[in-house]
Amino acid sequence: MLELHVRKTMMLHVFIVAASLLDILTTVLGAPEKSKISAKDASIPDDLSAEVNKFGVPRDTPIAFLDGIQAFNNLQPIEKCRVHHISRASWTGALIDLYQTSAESPLIFLLLQNLFRSQEISALKRTATESCKFQQEDWDSLLVYVAAFYDNLGNYFTYGMKKFVPRVSSSKLECLINSTAALAKQAGESASSLQSLWNKTKELIYQLGSRHQSLAFGPGGITTYFSSNCNASDATLVKDFMVSKNVEAWNSRVIKTFDTQTGQPKYEIRFASALATGKAVVVDELKLGVAIEYKGASFTFTRGDFKQLLVRVNQQLTQAKGCLASSLEKQMTDELIRSFRTGSVEAHKNASRFWVKNKNPVIESYIGFIETYQDPDGMRGSFEGWVAVVDKAKTAILTSLVNNAEKFLPLLPWPREFEKDKFLKPDFTDLTVITFGNGGPPAGTDAAINIPNYSEIRQNDGFKNVNLGNMIAATLSAKPLQYLSESDAKLLQSHRKLVFDTIVGLHELLGHGSGKMFHEFANGSFDFDISKLGSVGKFGPVKNWYKPGETFETKFGRLGSTLEECRAETVACYLGLFPQVLSIWGINRTAAEQHSYMLWLEYAIEGLEGLIQYTPETDSWGEAHDQGRFAMLRVMIESGVASVKSLTGADGKPDLLVSLDRKRIPTDGKKAMGEFLLGLNFYRSTGDVEGAKIFYDSYTSLKQPGNEEHIKWHKIVVERKKPRPL
């Protein structure tokens, strides 16, 4: 069964990847930056050390199969044409994610492509077992590593930002490479590329030095959004410069060099585009190729990053124009093509505005540099492209939620002045995803999207919510329940799909879709009246706001991702206490109290499980949602609603038990969660980064005194970790 999943995964990528991919990824785009490997890091494990086992992909990792066949078959020929070309554009662009993950990921991708295209998978298995002494567990370990690599489009998990390696010894893997190459030579085929790729990647695949275990700024991690000689201080300087020029970083990377004569640091801010810089080129009012002095450093804007891939993306988008259903879709596509051709962020914003206006389509799609989770600075987006079919029956429920949103927004715990001047009703659709080209598509309660991510468009033009229905269904069955009593587990399991639907709907529409941010503009005007704001509970009067050129992303950076996800999750948790809100999903008043209990129970166990993503050594979190859910668990505990008990499990090992005081949820729990939510929204609205960090760290920084019990929970949760479905 695992072999079937890997074969299907390979077919998806072979569908996109032509024989010239080696040239595209290693010649035209430029070879990956050379990793600096210390003597300790360079040693390749010949046996399965404890370190390799720790970072190895578990053999029992569930693989969820995404089913979109029926939805695709029901489309009209012209609709299938659109799905086809946007799928090809999405998968071609998704190859950029390889470069955005690690220096070695493009080469590992090519290695795996060459290896698995060399023979049928059954023949490859015979070679492994007969020539290289693979046991069944070795073979399964290799296959699940390959599946994880393709799922994440790189050798780091996008959910948690941790590196993963094969749980098969390098000597056996090298034997398989060499044996496969030998068979190719016997057949008169070239095997030089396969062996060359292995020689370039064998150290990098298993490299587990302290810097190479996670995605972060050096010296504690690696990132390809900045050259390897950059650290957090460089990122701060670059951010300050870009804010001073009113430039956003969504589709850029930063390369640092030094002037050979003066030693002055030089920063190249390189935008992704199909066109190169050229002479006297201006994009979004920026003159490219001209050095600008700022705070003792030199800055130059250029373009042309990933140009060969973006040329191919635009070829598919151009062909898709012949299959589009409306003028809005054509205008949107024209602006997407212009953005990918020139590197213009403004063009992508225009495309997003047309997309927001395009109501009730049969086919939904979105493509570009979107989510900023992987950038340690929280400003640069990884490439993402998807296309899906709208499920009209399920969408009807979400449409009802949209139609009632203006009634539900006043239930939130902040003053009216902290809400948007006008709620711009978005489309909220349930989708059957056909293609999701990205390293680590959303899953579980995260399998929904509120976009575009441009804050000024969301506030002034509107947004869309999409519920990735078949992704939720695919991963839900593979996600086990832990840390609950038998009765609570049985209750939650029997209603879990409805609980997920409620969480996702409230999180996306009224979580990400609520709350106003206060701005001052270059002409001295404001979009708020400070005299009407007054004092907001214990958080005091408003003393901060976004100055000209500042955005949520530039102000909050990496903190912004988890703060906003926590705010959206807390909105869902809070509004899930109101019977009139739950009635949207057909939950009557009699059943509402029990549904609220199950919803809070789901958040409590996810908050505890989220400790997996905490790293005690650096007091940091690898995943935005999990950090936020743990903060929510802390609120539940401090209010007296939740308790976590240490005990000995049925297997004789340390275990944990989560329980909730059901009667205190609508009283003490509601009050505490509302106060916490008020704080999250206050700091987001005012752009008060310093206040937000102090507030948020009080819930999620475990290095502070009094967190000894939480550190014990972390150890137990790590020991009992269940693999996340691929």
Side-chain angles (χ1 to χ4, degrees), residues 68 70-87 90 317 320-336 349-368 370 385-409 420 422-436 442 447-454 457-458 460-473 501 504-514 584-586:
Q70 190 61 49
F72 180 78
N73 288 341
N74 289 341
L75 295 175
Q76 297 299 312
I78 195 168
E79 294 167 340
K80 291 180 179 179
C81 167
R82 178 183 175 185
V83 169
H84 169 75
H85 288 298
I86 296 179
S87 291
S90 298
L317 291 178
K321 286 175 63 177
C323 320
L324 300 180
S326 70
S327 60
L328 281 174
E329 290 174 356
K330 291 175 182 176
Q331 289 172 297
M332 176 186 76
T333 305
D334 283 338
E335 287 297 284
L336 287 174
K349 288 183 177 181
N350 288 337
S352 299
R353 291 184 178 99
F354 288 125
W355 183 70
V356 168
K357 293 176 183 177
N358 188 32
K359 306 290 187 182
N360 304 313
V362 175
I363 307 294
E364 276 286 22
S365 62
Y366 197 69
I367 188 169
I370 312 299
W386 54 266
V387 59
V389 181
V390 175
D391 185 318
K392 293 184 179 179
K394 294 179 181 177
T395 295
I397 297 174
L398 301 175
T399 301
S400 178
L401 179 63
V402 172
N403 291 337
N404 285 276
E406 289 171 285
K407 297 178 184 176
F408 299 154
L409 284 170
K420 294 173 183 175
K422 182 180 180 181
F423 180 73
L424 301 170
K425 287 186 178 181
D427 258 11
F428 197 168
T429 50
D430 191 281
L431 304 179
T432 298
V433 177
I434 306 299
T435 290
F436 206 110
I449 311 172
N450 176 286
I451 42 181
N453 283 339
Y454 304 118
I457 294 180
R458 291 154 68 101
N460 300 321
D461 300 275
F463 55 91
K464 281 188 180 184
N465 294 110
V466 292
N467 191 49
L468 310 179
N470 58 335
M471 282 189 164
I472 295 176
D501 287 345
V504 169
L506 295 176
H507 173 114
E508 297 300 336
L509 179 68
L510 299 173
H512 290 312
S514 65
I584 296 294
W585 287 271

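Quick note: numbers below take in every heavy atom, side chains included, and nothing from hydrogens, waters or symmetry partners. Here, residue 1 is the first one in the sequence, and each next residue gets the next number. Quantities reported herein were computed from a predicted structural model and do not represent experimental measurements.
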- Task: Check whether more than 12 heavy atoms from other residues, nucleotides or ligands sit under 6.0 Å from atom NZ of Lys392, and answer yes or no.
- Result: no
- Query: Hey, does the Lys NZ or Arg CZ of Lys464 hover above the aromatic six-ring of Phe428, less than 6.0 Å from the centre and inside 45° of the axis?
  - Reply: no
- Asn453 side chain to Ile370 main-chain N or O, any donor-acceptor pair under 3.5 Å? yes
- Message: Set out, in order, the CA-CA distance, both residues' side-chain angles and the distance that settles side-chain contact (heavy atoms from CB on, under 4.5 Å) for Ile367 and Ile86, then state yes or no.
- Response: CA-CA 9 Å; Ile367 188 169; Ile86 296 179; 5.5 Å; no
- Message: Just so I know, are the side chains of Val356 and Asp427 near enough to count as touching, which here means a heavy-atom distance under 4.5 Å?
- Response: no
- Item | side-chain contact (heavy atoms from CB on, under 4.5 Å) between Phe463 and Leu424, worked out | CA-CA 8 Å; Phe463 55 91; Leu424 301 170; 5.8 Å; no
- Message: So Glu406 and Lys425, do their side chains get closer than 4.5 Å, heavy atoms only?
- Response: yes
- Message: Give me the atom names and distance for the closest heavy-atom approach of Ala71 to Thr432.
- Response: CB-CG2, 3.6 Å
- Query: Quick one: does Asn465's side chain have a donor or acceptor within less than 3.5 Å of a partner on Glu508's backbone?
  - Reply: yes
- Query: Can you tell if the side chain of Ile584 reaches within under 4.5 Å of the side chain of Phe408, non-hydrogen atoms only?
  - Reply: yes
- Query: Should Glu329 and Lys321 count as an ion pair when the cut-off is N to O under 4.0 Å?
  - Reply: no
- Query: With a 4.5 Å limit on heavy-atom distance, are the side chains of Trp386 and Glu364 in contact?
  - Reply: yes
- Smallest separation among heavy atoms of Ile363 and Val83, with atom names: CD1-CG2, 3.9 Å
- Note on the structure: d(Ile397 CD1, Asp501 CG) to nearest 0.5 Å is 7.5 Å
- Message: As an exercise, state the distance from NE2 of His85 to SG of Cys323, rounded to the nearest 0.5 Å.
- Response: 5.0 Å
- Decide yes or no for Val387 and Phe436: does some side-chain heavy atom of the first lie under 4.5 Å from some side-chain heavy atom of the second? no
- Item | Short side-chain to backbone donor-acceptor contact, Asn404 and Lys407, under 3.5 Å | no
- Query: Roughly how far, to the nearest 0.5 Å, is the NZ atom of Lys394 from the OG1 atom of Thr399?
  - Reply: 14.0 Å
- Keeping the roles fixed (side chain from Ser352, backbone from Pro452), state whether a donor-acceptor pair exists under 3.5 Å. no
- Message: Using the rule given for side-chain contact (heavy atoms from CB on, under 4.5 Å), can you reason through Lys330 versus Thr333, listing the C-alpha separation, both sets of side-chain angles and the distance that settles it, and then say yes or no?
- Response: CA-CA 5 Å; Lys330 291 175 182 176; Thr333 305; 5.7 Å; no
- If we only count heavy atoms from C-beta on, is the His512 to Arg458 side-chain gap below 4.5 Å? yes
- Query: Would you find a donor on one side and an acceptor on the other, under 3.5 Å apart, between the side chain of Asn467 and the backbone of Gly469?
  - Reply: no
- Atom CD of Gln331 and atom CG of Leu324: how far apart are they, to the nearest 0.5 Å? 11.5 Å
- Between Ser326 and Asn358, the two heavy atoms sitting closest are OG-OD1, 3.7 Å
- Message: Working to the nearest 0.5 angstrom, can you tell me the gap between Gln70 CD and Leu75 CG?
- Response: 10.0 Å
- Task: In sequence, state the C-alpha distance, the side-chain angles, and the governing distance for Leu398 and Thr429, and then conclude on side-chain contact (heavy atoms from CB on, under 4.5 Å).
- Result: CA-CA 7 Å; Leu398 301 175; Thr429 50; 5.8 Å; no
- Task: List the atom of Ser365, the atom of Arg82, and the distance in Å for their closest heavy-atom pair.
- Result: OG-NH2, 3.3 Å
- Look at the side chain of Asn470 and the backbone N and O of Val433, then say whether any donor-acceptor pair between them is shorter than 3.5 Å. yes
- Message: Is the shortest side-chain heavy-atom distance between Lys357 and Trp355 below 4.5 Å?
- Response: no
- Item | Heavy-atom pair of closest approach, residues Gly505 and Leu401 | O-CD2, 3.7 Å
- Item | Side chains of Tyr366 and Val466 in contact at under 4.5 Å (non-hydrogen atoms) | no
